[in-house]
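This report concerns only the one structure given below.
Predicted model, so just to flag it, every value in this text is computed and none were measured.
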Protein chains: 2
Amino acid sequence: MQRSTRQRDAIRAALQSARRPLSAREILADTQAEVASIGIATVYRTLKLLVDAGEVEAVPLPGGIPHYELAKLGHHHHFQCTRCERVFDVPECGSNLKELLPRGFTMERHELVLYGRCAACAG
Amino acid sequence: MQRSTRQRDAIRAALQSARRPLSAREILADTQAEVASIGIATVYRTLKLLVDAGEVEAVPLPGGIPHYELAKLGHHHHFQCTRCERVFDVPECGSNLKELLPRGFTMERHELVLYGRCAACAG
DNA sequence: ACGATATTGATAAATCATTATCAACATTTT
DNA sequence: AAAATGTTGATAATGATTTATCAATATCGT
């Protein structure tokens with residue numbers, strides 16, 4: 001049976017309050033304020049648990065490590081700051097991507113990642 | 001001074017005839033027809049050379065390894081087949097992505113990758 | 001509170017793409 | 001052709017993320 005632990009609560013809370021996708025290391029850093037002894041293994045284990053439960057989704061990034069965010073945010077895309085490397089959510093792009101496909105190809109999903117400077121790093 | 005070798009010619013030829021981005025391993029496999037003894041180190045070394053020379057561009061993929069294609073193909077996007085993993089080019093999407101940015105963010109570039117079945121795998 | 005057992009944390013190990021090493025070899029220059 | 005040196009290929013090493021191990025600990029049902 002699955003148990004409720006301070007570590008798991010802290011990881012869920014970190015994902016909820018960040019309002020942006022976090023890497024495993026970011027989650028570790030954020031949760032250490034709540035559970036000082038937490039280790040990286042627990043972060044990875046819990047992320048796997050939450051992803052398998054459908055509570056969290058992995059965000060794959062071109063040339064980067066996966067980030068994680070709460071599932072059920074609706075379809076949207078991501079922005080990664082080229083200076084601080086943080087990832088942010090941006091709204092869906094709306095264009096009809098299926099029109100781009102060569103004949104005979106079928107589309108299941110798409111990933112769009114914008115790169116640039118976030119507000120904090122733009123100055 | 002830089003020398004012309006069978007290996008380098010084979011790698012250039014593979015990238016030219018593929019007409020789609022290739023991974024290092026795909027390039028190795030394709031060039032072994034021409035130079036049976038070619039090794040993976042030579043593929044990586046030559047790719048680095050060609051990228052530095054501006055002749056080839058690396059295509060970063062979400063959750064995947066970089067693929068390589070000839071530079072100066074103009075702006076476009078990519079499609080990766082979820083079955084055979086091959087990557088294909090698709091035209092630029094055209095929508096105004098800057099509209100998606102939060103206030104204060106600036107955009108430098110973007111990566112769009114479509115996923116699905118290619119014509120050969122769709123059946 | 002107790003017992004059963006799920007979970008944790010430190011760290012060793014696994015994974016895997018990429019790079020470094022270096023003797024053998026190929027190419028270019030003389 | 002011979003010398004000089006750039007290149008190759010096998011493989012060891014690297015680097016970085018992720019997973020496995022296992023004794024110690026925390027949680028939950030009784």
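- Both B/Ser4 and A/Thr42 sit near DNA chain C, but only A/Thr42 has its closest nucleotide nearer the 5' end.
- A salt bridge links B/Arg12 with B/Glu55; the closest basic N to acidic carboxylate O contact falls under 4.0 Å.
- For D/dT5, the base has a donor-acceptor partner in the side chain of B/Arg3 [N/O atoms by modelled type, under 3.5 angstrom].
- Relative to the side chain of B/Ala41, the nucleotides D/dT18, D/dT27, D/dT11 differ in distance, and D/dT11 lies closest.
- Atom pair A/Leu22:CG and D/dT17:P shows a separation of 16 Å (rounding to whole Å applied).
- Rounded to whole angstrom, the span from the CD atom of A/Gln32 across to the C1' atom of C/dT8 amounts to 14 Å.
- The separation between A/Leu28 atom CG and D/dT18 atom P is 13 Å, rounded to whole Å.
- With B/Glu34 contributing its side chain and B/Thr31 its backbone, the two residues share no donor-acceptor pair below 3.5 Å.
- Nearest nucleotide to the A/Tyr44 side chain, out of D/dC28, D/dT19, C/dG9: D/dT19.
- Side chain of A/Arg25, nearest nucleotide from D/dC28, D/dT8, D/dT17: D/dT17.
- The listed nucleotides are D/dT18, D/dG9, C/dT29; the one nearest the side chain of B/Met1 is C/dT29.
- Distances shorter than 4.0 Å separate none of the side-chain N or O atoms of B/Gln2 from OP1 or OP2 on C/dT28.
- Going from atom CZ of B/Arg6 over to atom C1' of D/dG6 covers 16 Å, rounded to whole Å.
- For B/Leu47 and C/dA17, the CG to P distance is 15 Å, given to the nearest whole Å.
- The CD1-P distance, from A/Ile65 to C/dA17, rounds to 17 Å in whole Å.
- For the pair A/Arg117 (side chain) and A/Cys84 (backbone), a donor-acceptor distance under 3.5 Å is absent.
- Remark: C1' of D/dT17 and NZ of A/Lys48 are 15 Å apart, rounded to the nearest angstrom.
- Of the candidates C/dT11, D/dT11, D/dT8, the closest approach to any side-chain atom of A/Ile40 belongs to C/dT11.
- Residue B/Thr5 places at least one side-chain N or O under 4.0 Å from the OP1 or OP2 atom of D/dT8.
- Salt bridge A/Glu85/A/Arg83: absent, no basic N to carboxylate O contact under 4.0 Å.
- With hydrogens and angles left out, the side chain of B/Arg45 and the base of D/dG6 share no donor-acceptor pair within 3.5 Å.
- Taking atom OH of residue A/Tyr68 and atom P of nucleotide D/dT17, one finds them 12 Å apart after rounding to whole Å.
- Side chain of B/Ile38, nearest nucleotide from C/dG9, D/dG9, D/dT27: D/dG9.
- Here the two rings, on A/His77 and B/His110, have centers that are 6.0 Å apart or farther.
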